[in-house]
Amino acid sequence: MTEVVTMGEAMIRLTPPDHQRLMTTPSLEVHIGGAELNVAVALAQLGVSVAWISKLPDNPLGRRVDAEARRLGVHTSRVLWLPGGKMGLYFYEKGVGIRAGTVLYDRADSAINSLSLDELDWDFIGRCRLFHTSGITPALSLSVRKLTVEVLRRVTERGLTVSFDVNYRSRLWEPLECRAALETILPLADLVVCTERDAGTVFGLFGSGEEIAQGLRRLSAAQAVIVTHGAKGVTAATEDGAFFEAAMVTDVVDRLGAGDAFCAGVIYGYLKGDLRLGVRFGLAMAALKHAIPGDWFIGTKEEVENLLKGEAGGVKR
């Protein structure tokens with residue numbers, strides 16, 4: 001049985017090497033990204049049986065995404081294919097020092113925007129334990145927004161656990177539009193992850209980590225809400241109370257995908273009935289992901305466990 005199903009867009013990421021600018025770089029590094037696929041890849045590294053659902057263009061770029069995901073243990077048998085479709089692209093200039101990283105999207109009308117409810121394999125989805133998506137997916141277009149709501153309604157009717165990462169993207173929609181959409185989606189979620197910044201920007205929630213987390217619990221009625229505070233750490237809240245876990249100090253090779261690695265760790269612990277374990281796994285995975293180029297967490301559960309034991313750095317011989 002597939003334990004987890006995630007749904008969302010995949011994109012090709014193009015990055016100038018060595019912190020060069022897009023205006024002047026003679027070459028681009030190629031990676032694959034997409035929040036929900038990133039989560040699926042990270043879960044697969046932990047030994048979780050996970051499937052990713054999306055629609056890809058039937059061309060070499062789409063087939064590359066499919067092949068790379070399968071190579072890393074993600075089930076892609078329910079991915080749909082669109083002849084002549086478009087692959088979403090994004091260009092990422094890595095920041096360094098006072099220079100912020102920047103993202104340029106070319107994802108309008110990508111293949112996933114034609115995905116429909118009737119194309120999904122509901123027998124397959126209904127046999128999983130947990131369904132995960134993020135706020136990026138309903139931001140893509142009105143059609144995908146409606147699809148996301150209907151999918152989440154169907155999975156909750158089937159008694160599946162729903163995990164949702166708010167993942168606000170200011171280049172895709174405005175805060176008020178995002179809030180209006182998520183006020184429909186959040187009540188369908190059992191597990192919600194949100195950054196402290198997004199909680200303030202989208203929902204107007206400020207204060208201590210526990211105050212923000214409890215505010216999100218009231219909006220969502222979720223069993224568990226986790227608020228991330230960047231380099232400071234994480235606050236988690238349930239009906240039994242709240243707790244805080246400090247983040248791990250790490251050097252940064254690549255920032256992208258760390259939040260998705262964190263979500264994967266949280267889901268791992270949640271499936272085991274231990275939210276604190278999930279938060280600790282998530283923080284360790286986010287720290288490790290910062291040291292890995294690209295969007296994907298490429299590692300092992302043993303590496304995560306060793307980091308949690310305080311074993312890090314050096315050379316393993």
Below 4.0 angstrom, N of the basic side chain to O of the carboxylate: do [X] and [Y] qualify?
{"X": "Arg154", "Y": "Glu157", "result": "no"}
{"X": "Arg179", "Y": "Glu183", "result": "yes"}
{"X": "Asp260", "Y": "Lys289", "result": "no"}

Short question: side chain of [X], backbone of [Y] - any donor-acceptor pair under 3.5 Å?
{"X": "Glu93", "Y": "Leu22", "answer": "yes"}
{"X": "Tyr168", "Y": "Trp173", "answer": "yes"}
{"X": "Asp254", "Y": "Gly294", "answer": "yes"}
{"X": "Arg171", "Y": "Val103", "answer": "yes"}
{"X": "Asp18", "Y": "Gln20", "answer": "no"}
{"X": "Gln45", "Y": "Leu72", "answer": "yes"}
{"X": "Arg99", "Y": "His19", "answer": "yes"}
{"X": "Trp122", "Y": "Leu117", "answer": "yes"}
{"X": "Thr6", "Y": "His132", "answer": "no"}

Validation row: [X], [Y] side chains within 4.5 angstrom (heavy atoms):
{"X": "Leu182", "Y": "Phe164", "value": "yes"}
{"X": "Val234", "Y": "Val227", "value": "no"}
{"X": "Leu115", "Y": "Leu120", "value": "yes"}
{"X": "Arg107", "Y": "Ile112", "value": "no"}
{"X": "Ser163", "Y": "Cys263", "value": "no"}
{"X": "Arg217", "Y": "Glu239", "value": "yes"}
{"X": "Pro16", "Y": "Arg21", "value": "no"}
{"X": "Arg78", "Y": "Ile125", "value": "no"}

Nearest 0.5 Å please: distance from the [atom1] atom of [X] over to the [atom2] atom of [Y].
{"X": "Glu305", "Y": "Glu302", "atom1": "CD", "atom2": "CD", "result": "7.5 Å"}
{"X": "Leu43", "Y": "Met285", "atom1": "CG", "atom2": "CE", "result": "6.5 Å"}
{"X": "Arg13", "Y": "Leu28", "atom1": "CZ", "atom2": "CG", "result": "11.0 Å"}

Q | ring pair (Phe, Tyr, Trp, His ring centres under 6.0 Å) contacts touching residues 77-107 (sequence neighbours left out) | A |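 Matches after skipping sequence neighbours: none remain.
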
Please name the pair of heavy atoms, one in [X] and one in [Y], separated by the smallest distance, quoted to 0.1 Å.
{"X": "Ile298", "Y": "Glu303", "result": "O-OE1, 4.4 Å"}
{"X": "Leu308", "Y": "Arg280", "result": "CD2-O, 3.5 Å"}
{"X": "Gly8", "Y": "Thr137", "result": "CA-OG1, 3.6 Å"}
{"X": "Ala247", "Y": "Leu283", "result": "CA-CD2, 4.1 Å"}

Q) So among Asn59, Asp106, Asn113, Asp109, which one has a side chain to side chain donor-acceptor pair (under 3.5 Å) with Lys86? A)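 The passing option is Asp106.
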
Using the rule that Ile, Leu, Val, Met, Phe, Trp and Tyr join whenever any side-chain heavy atoms are under 4.5 Å apart, tell me whether [X] and [Y] fall into a single cluster.
{"X": "Ile32", "Y": "Met11", "result": "no"}
{"X": "Ile185", "Y": "Leu191", "result": "no"}
{"X": "Leu288", "Y": "Val193", "result": "yes"}
{"X": "Leu160", "Y": "Val4", "result": "no"}
{"X": "Val65", "Y": "Leu80", "result": "no"}

Q) Testing Phe297, Tyr268, Tyr270 for ring-ring contact (aromatic ring centres under 6.0 Å, His included) with Phe281, which one passes? A)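 By the ring-ring contact (aromatic ring centres under 6.0 Å, His included) criterion, Phe281 pairs with just one of Phe297, Tyr268, Tyr270: Tyr268.
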
Q: Please say which of Leu37, Val39, Leu256 ends up in a side chain to side chain contact (heavy atoms under 4.5 Å, CB included) with Trp296.
A: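 Only match with Trp296 under side chain to side chain contact (heavy atoms under 4.5 Å, CB included): Leu37.
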
Judged by modelled atom types alone, do [X] and [Y] share a side-chain donor-acceptor pair under 3.5 Å?
{"X": "His229", "Y": "Thr235", "value": "yes"}
{"X": "Asp190", "Y": "Thr161", "value": "no"}
{"X": "Thr201", "Y": "Asp198", "value": "no"}
{"X": "Lys55", "Y": "Ser114", "value": "yes"}

Q.
With side chain to side chain contact (heavy atoms under 4.5 Å, CB included) as the criterion, how do Leu219 and Leu205 come out once you've worked through the C-alpha distance, each side chain's angles and the decisive distance to 0.1 Å?
A. CA-CA 11 Å; Leu219 284 172; Leu205 294 172; 4.2 Å; yes

Q. Taking atom CD of Glu119 as the centre, does the number of heavy atoms from other residues, nucleotides or ligands within less than 6.0 Å exceed 12?
A.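 More than 12 heavy atoms, drawn from other residues, nucleotides or ligands, come within 6.0 Å of this atom.
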
